[in-house]
Amino acid sequence: MADIVESGVAAEELKAFVERIERLEEEKAAIADDIKEVFSEMKGRGFDTKVTKKILRIRKQDHEERQEEEAILDLYMQALGMT
């Protein structure tokens, strides 16, 4: 640890990494704000944002993963008398 503090090169490299992360965190926050704005627009136009979020989650899944999850969900719903 003391080597980093004593070495100007390592300290500069560390500073560059930290500054990159800070810039990316700022970009991430800006993107999150943009996404919230799109959801607000959707809601204003009458779309159900909860359902849209589920659709987004499903679209990220692998087809086989989604089928397996749906089968388990169906099985659990049957076991609970919900179907």
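All values below were derived from every heavy atom in this structure, side-chain atoms included, with hydrogens, water molecules and symmetry-related copies excluded.
- In this structure, R66 CZ and K60 NZ are separated by 14.0 Å, a value rounded to the nearest 0.5 Å.
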Which pairs would a plain distance check flag for residues 74-83, meaning a side-chain donor or acceptor within less than 3.5 Å of a matching protein atom at least two apart in sequence or in another chain?
unit_1, atom_1, unit_2, atom_2, d
D74, OD2, Q78, NE2, 2.9

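- One finds the CD atom of Q67 at 11.0 Å from the CD atom of Q61 (value rounded to the nearest 0.5 Å).
- A single hydrophobic cluster is seen to contain both I35 and L56, as judged by linkage of ILVMFWY side chains at heavy-atom distances under 4.5 Å, directly or through other members.
- The shortest non-hydrogen separation linking T52 to D48 is OG1-O, 2.9 Å.
- The cationic atom of K53 (NZ for Lys, CZ for Arg) lies less than 6.0 Å from the six-membered ring centre of F39 and within 45° of the ring axis.
- The side-chain contact (heavy atoms from CB on, under 4.5 Å) test applied to R23 returns E19, R20, not counting sequence neighbours.
- Between E69 and R57 a salt bridge is recorded (basic side-chain N to carboxylate O distance below 4.0 Å).
- Between atom NZ of residue K54 and atom OG1 of residue T49 there is a gap of 11.5 Å, rounded to the nearest 0.5 Å.
- We find the CG-OG distance between D33 and S40 to be 10.5 Å, quoted to the nearest 0.5 Å.
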